[in-house]
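So the structure is just underneath, and the comments pick up after that.
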Amino acid sequence: MMYLGLDPGKDKVGFAFVDEEGKLLYSGIVQVVGIDLFLSSLIKGDWQKLRPYACEGEVGLLCDKELKGILLGGGTTSERLELALQRLGLKYEVVDESFSTERARKSYFQIHPPRGLRKLLPRSLSVPKRDIDDLAAWELVKRWLQGRS
C-alpha cells in the first residue's frame with residue numbers, strides 16, 4: 001500500500017508516493033499544464049510515464065503497490081488541482097500544508113547533505129540546489145500518517 005501526496009503551486013505540483021511507514025518511494029515535480037497527463041498515468045497505473053518528473057526515489061518501487069489514498073495540500077492554489085481530481089473521479093483528502101516547505105527543506109539536506117565548503121554554512125543560510133515541492137508533498141503524507149497513529 002502507498003499514499004500519494006500532492007503539493008499544488010501556481011505553476012507546478014510536487015508529488016510524492018509514500019509507503020505506510022512514511023518512507024519516500026518516488027517523487028517529482030510536474031508543471032500544472034501537464035497535470036492531466038500525470039493524473040491519467042496515475043489512473044492507468046502507468047508508472048513509467050512518471051519518469052520524466054523524477055526528483056527522488058525509483059519509479060520501479062511503485063509497480064507492486066496499491067494506491068490507498070491521495071492527500072492534497074489545502075493551500076490557496078489547490079482549487080485547480082482539486083477540480084482536476086474531481087473531474088477524473090479520484091477520491092482525495094485535503095490536508096493542512098502549513099510549514100511543509102520548511103520541513104521539506106530539512107528533508108532535502110538530510111537526503112543531500114552539504115559537501116565541501118557548503119558544510120561550513122549554517123543550514124539556515126543554505127539553499128537547496130533544486131525546487132523541493134516534491135519533498136513538501138512527502139511532508140504532507142508523513143504528517144497525515146503521524147496524525148493517524
Exercise for the section: Calculate, to the nearest 0.5 Å, the distance between atoms CD1 and CG belonging to I35 and L42 respectively. Expected result: 9.0 Å

Please report, to 0.1 Å, the donor-acceptor pairs under 3.5 Å made by any side chain of residues 57-66, with sequence neighbours excluded.
none

Practice task
Report the C-alpha separation of E139 and E97 in whole Å, then their side-chain angles, then the decisive distance to 0.1 Å, and conclude whether the side-chain contact (heavy atoms from CB on, under 4.5 Å) test is met.
Solution key: CA-CA 8 Å; E139 293 297 332; E97 65 176 31; over 6 Å; no

Problem - Hydrophobic cluster identity match, L24 and M2, side-chain contacts under 4.5 Å - result: no

Fill in the blank from the handout: Residue set satisfying side chain to side chain contact (heavy atoms under 4.5 Å, CB included) with K12, at least two apart, ordered chain then number -> I29, Q31, D131, D133

Practice task
Would you give the length of the straight line joining atom CG of L6 to atom CG of L81, rounded to the nearest 0.5 angstrom?
Solution key: 5.5 Å

Problem - From CA spacing to verdict: ring-ring contact (aromatic ring centres under 6.0 Å, His included), F17, Y3 - result: CA-CA 6 Å; F17 290 93; Y3 296 91; over 10 Å; no

Handout entry: Least distance between heavy atoms, G14 atom then A137 atom
Key = O-CB, 3.5 Å

Handout entry: hydrophobic_cluster_shared for L4 and L72, side chain cutoff 4.5 Å
Key = yes

Problem - Donor-acceptor under 3.5 Å (T77 side chain, P8 main chain) - result: yes

Handout entry: Lys/Arg cation over aromatic W47: K49, 6.0 Å, 45° cone
Key = no

Problem - Working for side-chain contact (heavy atoms from CB on, under 4.5 Å), residues I111 and E56 - result: CA-CA 9 Å; I111 296 169; E56 302 292 342; 3.6 Å; yes

Practice task
Give, for atom CG of L135 and atom CG of L140, the distance between the pair rounded to the nearest 0.5 Å.
Solution key: 11.0 Å

Exercise for the section: Consider only side-chain heavy atoms of I, L, V, M, F, W and Y, link residues closer than 4.5 Å, and tell whether F38 and L90 are in one cluster. Expected result: yes

Practice task
Apply ring-ring contact (aromatic ring centres under 6.0 Å, His included) to Y108 and list each qualifying residue two or more places apart in sequence or on a separate chain.
Solution key: H112

Problem - Heavy-atom side-chain proximity of I132 to R105 below 4.5 angstrom - result: yes

Exercise for the section: Calculate, to the nearest 0.5 Å, the distance between atoms CD1 and CG belonging to I43 and L67 respectively. Expected result: 10.5 Å

Handout entry: Any E20 side-chain heavy atom under 4.5 Å of L145 side chain
Key = no

Fill in the blank from the handout: Minimal heavy-atom distance between G22 and W138, with the atoms involved, is O-NE1, 2.8 Å

Fill in the blank from the handout: Sorted by chain and number, sequence neighbours left out, side chain to side chain contact (heavy atoms under 4.5 Å, CB included) with S40 holds for K44

Practice task
Using the rule that two of Ile, Leu, Val, Met, Phe, Trp, Tyr join whenever any of their side-chain heavy atoms come within less than 4.5 Å, decide whether V32 and L50 are in one cluster.
Solution key: yes

Completion exercise
Separation between CZ (F15) and CG (D7), nearest 0.5 Å, reads 12.5 Å

Exercise for the section: Apply side-chain contact (heavy atoms from CB on, under 4.5 Å) to Q48 and S41, showing your working. Expected result: CA-CA 9 Å; Q48 295 305 318; S41 299; over 6 Å; no

Practice task
Please name all residues satisfying side chain to side chain contact (heavy atoms under 4.5 Å, CB included) with F99, sequence neighbours left out, ordered by chain then number.
Solution key: E102, R103, R143

Fill in the blank from the handout: R130 and D134 have their tightest heavy-atom pair at NH1-OD1, 2.7 Å

Exercise for the section: Check the surroundings of atom CD in Q86: do more than 12 heavy atoms from other residues, nucleotides or ligands lie under 6.0 Å from it? Expected result: yes

Exercise for the section: Would you name the heavy atoms of A104 and A136 that are closest together and state the gap between them? Expected result: CB-N, 3.4 Å

Handout entry: Contacts of E93 that satisfy side chain to side chain contact (heavy atoms under 4.5 Å, CB included) - sequence neighbours left out
Key = L71, V95, W144

Exercise for the section: State whether E82 and R87 are salt-bridged, where the test is any N-O pair (Lys NZ or Arg NE/NH1/NH2 against Asp/Glu carboxylate O) under 4.0 Å. Expected result: no

Fill in the blank from the handout: One should read off an interatomic distance between Y53 OH and Y26 OH, to the nearest 0.5 angstrom, of 9.5 Å

